[in-house]
Protein chains: 2
Amino acid sequence: MNFKGKRQPVTIPRAAKTLRRTRIQEEKEEQILEAALDVFSASGFRGSTIDQIAEVAGMSKPNLLYYFRTKEAMHRALIDRVLYTWLEPLRAFDAEGNPEEEIRSYIRRKLEMARDFPRESRLFANEVLQGAPHIEDELKGPLKELVDEKAEVIRAWTKSGKIAKCDPYHLIFSIWSTTQHYADFDVQVRAVLGQEHSGEGRFEDAARFLEQLFIGGLRPDRSES
Amino acid sequence: MNFKGKRQPVTIPRAAKTLRRTRIQEEKEEQILEAALDVFSASGFRGSTIDQIAEVAGMSKPNLLYYFRTKEAMHRALIDRVLYTWLEPLRAFDAEGNPEEEIRSYIRRKLEMARDFPRESRLFANEVLQGAPHIEDELKGPLKELVDEKAEVIRAWTKSGKIAKCDPYHLIFSIWSTTQHYADFDVQVRAVLGQEHSGEGRFEDAARFLEQLFIGGLRPDRSES
DNA sequence: TGTAATGTTTACCAATCGGTCAAATTATCC
DNA sequence: GGATAATTTGACCGATTGGTAAACATTACA
């Protein structure tokens, strides 16, 4: 009551007094981010509206804005929450493991994520495709560092002859693009395969092909001059 | 003067009297589509505004709408114009050619398109990513037919043992995704590679890697049980 | 050169956008 | 149960959206 002015929404004080966090807050923010994921992943940031998100979340627009003060804040919260999870498979890439097996399981994992979390994949795809205006820092920071680290691992493998000599960065790009394709371009994949091949077997087929491609393509057998 | 009502914009009569088509029409429509490509490819359909396009095109909004009556009409005209060109590389896939060489040059061509026409790539990527609401018919029609045809060619190659046994559809998907990645996710690629590797050599590196990957991965050498 | 067709612009519209406000409602805690 | 803080809502705001109307300017062509 010190100031007659506006009471601050909860998401701001949260930083100040970290202790208090209502059950309702927990639930509603969850609800909102879930809806936001639906909408942002389907239309991109600019193409999405707060009203859409509110409708999907089943609450009024001002109510949304009570928890997240702006559309940007929603998007940011979503990105932050999803990014860590999204990089998990790459983080699991183990320098000590068997190269062939590591690559194989990385492909598997990425493909599973494309199957099980297509909205998350599309969220990033939309963002990056449109110039990554909101996640540039994440790309140049944490992402680059992680990739640099893993590229070094791969380079070591190539040097010791465990896999064919190749550019580790482009290898990683290729695994990303081929696997995420099944989430991001799902409509196209379905359209081309037709109904007959659009069942769940689709992902098994893709996994088999990609393993064959990458394992075969990286086999150190012959000298690739 | 027969009707006092609105004069029809040119793009409609065009269908009726195909003969007349002004020099100005030619130029302005070109100008508009060029600007529209800029904007749509950067923000997707829903995220783009007519005002943006008008500004890029250097003309007033009503003037744009004189040539294309709606935002949708612009988008459609753009899609129609670009689609044929975009499928050209796949169309060039030759059943009679040497499999290894055909695949190699298909990769090259797709990669060149990603480098030289990134906006076109992103235009489609945006559209497909957001559920292809405007090009569903094209995907299920012309695209599917072309892919079916070329998949048959590849299948013949695998059966005759010229390349390793593999799913032709997923092979095509993989070539699409890996090559278009360099256009669609350009920002990410740059961010990860850093400035030092973001020069023109980038595409040469990518080409080398992808050829190695696909040629190696499809070599029929050993029996892939 | 005149005039009809074509092209361009200013002013405007209703709908929707992101976001605010104050009042009303509900949960929390003593 | 009452005070207090947290939550929710309807009404609203200025800016922007896609698109229109009609006056005005230019071009093509006889």
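A, B, ... follow the sequence lines: proteins, then strands. Residue 1 opens every chain.
- Both tests hold for B/R91 against B/Y84: distance to the six-membered ring centre under 6.0 Å, angle to the ring axis within 45°.
- Taking every side-chain heavy atom of A/L65 into account, C/dG19 is the closest of D/dG18, C/dG7, C/dG19.
- Here C/dG7 presents its C1' atom at 13 Å from CG of B/L64, a figure rounded to the nearest Å.
- Going from atom CD of A/E29 over to atom P of D/dT8 covers 11 Å, rounded to whole Å.
- Distances shown here put a side-chain N or O of A/Y66 below 4.0 Å from the OP1 or OP2 atom of D/dT7.
- Rounded to a whole Å, the CD1 atom of A/I32 is 9 Å from the P atom of D/dT8.
- Within residues 40-62 of chain B, the residues that have a heavy atom under 4.0 Å from DNA chain C are, in order of number, B/S60, B/P62.
- A salt bridge links A/R202 and A/D186; the closest N-O separation between the charged side-chain nitrogens and carboxylate oxygens is under 4.0 Å.
- To the nearest angstrom, C1' of D/dG19 lies 10 Å from CE of B/M74.
- Shown here for B/E102 and B/D94, the closest heavy-atom pair between the two residues is OE1-N, 3.0 Å.
- In this structure, B/E27 atom CD and C/dT6 atom P are separated by 17 Å, rounded to whole Å.
- Summarising the geometry, the separation between CD on A/E72 and C1' on C/dG18 is reported as 11 Å, rounded to the nearest angstrom.
- The nearest whole Å value for the distance from the NZ atom in B/K28 to the C1' atom in D/dT26 is 11 Å.
- Under the 6.0 Å cut-off for aromatic ring centres, A/Y182 and B/H170 qualify, their centroids lying closer than that.
- For B/R76 (side chain) and B/H134 (main-chain N/O), a donor-acceptor pair under 3.5 Å exists by modelled atom type.
- A salt bridge links B/D51 and B/K61; the closest N-O separation between the charged side-chain nitrogens and carboxylate oxygens is under 4.0 Å.
- Judged by distance alone, the side chain of A/N126 and the main-chain N or O of A/S41 form a donor-acceptor pair under 3.5 Å.
- The side chain of B/Y67 contributes no N or O atom lying less than 4.0 Å from OP1 or OP2 of C/dT6.
- Listed pair A/N63 / D/dT9 meets the phosphate criterion, a side-chain N or O lying under 4.0 Å from OP1 or OP2.
- Contact check, B/Q25 against C/dT6: no side-chain N or O comes under 4.0 Å of OP1 or OP2.
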